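Read the numbers this way: they start at 1 and go in the same order the structure lists the ligands and their atoms. All values reported here derive from a predicted model rather than from experimental measurement.
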Amino acid sequence: MAKEECLFCKIISGEIPAPPVYEDEQVVVIRDISPQAPHHFLVLPREHIVSALNLEERHDALVGHVFRVAARLAREQGFADSGFRIVNNCGRDGGQTVGHIHFHLLGGRSLEWPPG
Ligand code: AMP
Ligand code: ZN
């Protein structure tokens with residue numbers, strides 16, 4: 001999908017309102033509009049990267065940053081100790097519905113494995 005039509009690019013730019021829970025120069029974190037757990041956040045890299053398949057070596061630090069931001073948020077929100085899940089869905093069979101790479105942070109309940 002073109003960057004101009006991308007839902008998450010519009011959220012990151014403020015064109016579509018979604019109050020950020022956290023933001024820095026690399027990522028914006030919002031609450032998922034359809035939460036699948038008591039705590040469900042989306043970590044959105046500011047750069048329009050379509051999916052995990054489009055990651056390049058220059059993104060290595062960004063992906064590490066995403067995980068550290070998610071873990072810190074889980075601590076701050078008080079569900080780190082009981083456990084949580086960081087999920088990236090990629091492509092049709094992976095369940096990706098928005099073509100801008102994002103990482104779900106889910107917590108606050110026992111999550112099943114394997115996923116459906
Ligand atoms: P995925 O299915 O992995 O591509 O995840 C996309 C996620 O974006 C889903 O969990 C949706 O509920 C969520 N979502 C879609 N539109 C919005 C929105 N306007 N604000 C926040 N989350 C959204
Ligand atoms: Zn985008």
K.L.:
Suppose the cut-off is 2.8 Å; how many protein N/O/S atoms fall inside it around the Zn ion (ligand 2)?
P.N.:
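Counting protein N, O and S atoms closer than 2.8 Å to the Zn ion (ligand 2) gives 4.
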K.L.:
Please state which part of Phe8 comes within less than 4.0 Å of ligand 1, counting heavy atoms only: side chain, backbone, both or neither.
P.N.:
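Only the side chain of Phe8 comes within reach of ligand 1.
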K.L.:
Please verify whether a non-hydrogen atom of Gly95 lies at under 4.0 Å from ligand 1.
P.N.:
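Distance cut 4.0 Å: Gly95 passes for ligand 1.
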K.L.:
By the ring-ring contact (aromatic ring centres under 6.0 Å, His included) test, which pairs, at least two apart or in different chains, include something from residues 51-72?
P.N.:
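Checked against ring-ring contact (aromatic ring centres under 6.0 Å, His included) - neighbours excluded - no pair reaches residues 51-72.
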K.L.:
Give the contacting part of Leu42 toward ligand 1: side chain, backbone, both or neither, where contact means a heavy-atom distance below 4.0 Å.
P.N.:
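The side chain, only.
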K.L.:
Determine whether Val27 and Val50 fall in the same hydrophobic cluster, where Ile, Leu, Val, Met, Phe, Trp and Tyr are linked whenever their side-chain heavy atoms lie under 4.5 Å apart.
P.N.:
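No; tracing contacts between hydrophobic side chains, which count when under 4.5 Å, never links both residues.
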K.L.:
Heavy-atom distances under 4.0 Å are what count here, so tell me which part of Val87 touches ligand 1: side chain, backbone, both or neither.
P.N.:
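No part of Val87 comes within reach of ligand 1.
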K.L.:
With heavy atoms under 4.0 Å as the rule, classify the contact between Asn89 and ligand 1 as side chain, backbone, both or neither.
P.N.:
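It is the side chain that gets close, since no backbone atom is under 4.0 Å.
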K.L.:
Tell me whether Gln36 reaches ligand 1 (any heavy atom closer than 4.0 angstrom to a ligand atom).
P.N.:
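For ligand 1, residue contact (heavy atoms, under 4.0 Å) with Gln36 is absent.
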K.L.:
Which one of Ser51, Cys90, Pro45 satisfies the side chain to side chain contact (heavy atoms under 4.5 Å, CB included) criterion with Ile101?
P.N.:
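Among Ser51, Cys90, Pro45, the one meeting side chain to side chain contact (heavy atoms under 4.5 Å, CB included) with Ile101 is Pro45.
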K.L.:
If a pair satisfies salt bridge (Lys or Arg N to Asp or Glu O under 4.0 Å) and one of its residues is in residues 39-63, list it, with sequence neighbours excluded.
P.N.:
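For residues 39-63: Glu23-Arg46, Glu47-Arg58, Glu56-Arg58.
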K.L.:
Applying side-chain hydrogen bond (donor to acceptor under 3.5 Å, both in side chains), name anything that partners Ser34, two or more places apart in sequence or on another chain.
P.N.:
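side-chain hydrogen bond (donor to acceptor under 3.5 Å, both in side chains) list for Ser34, sorted by chain: Gln36.
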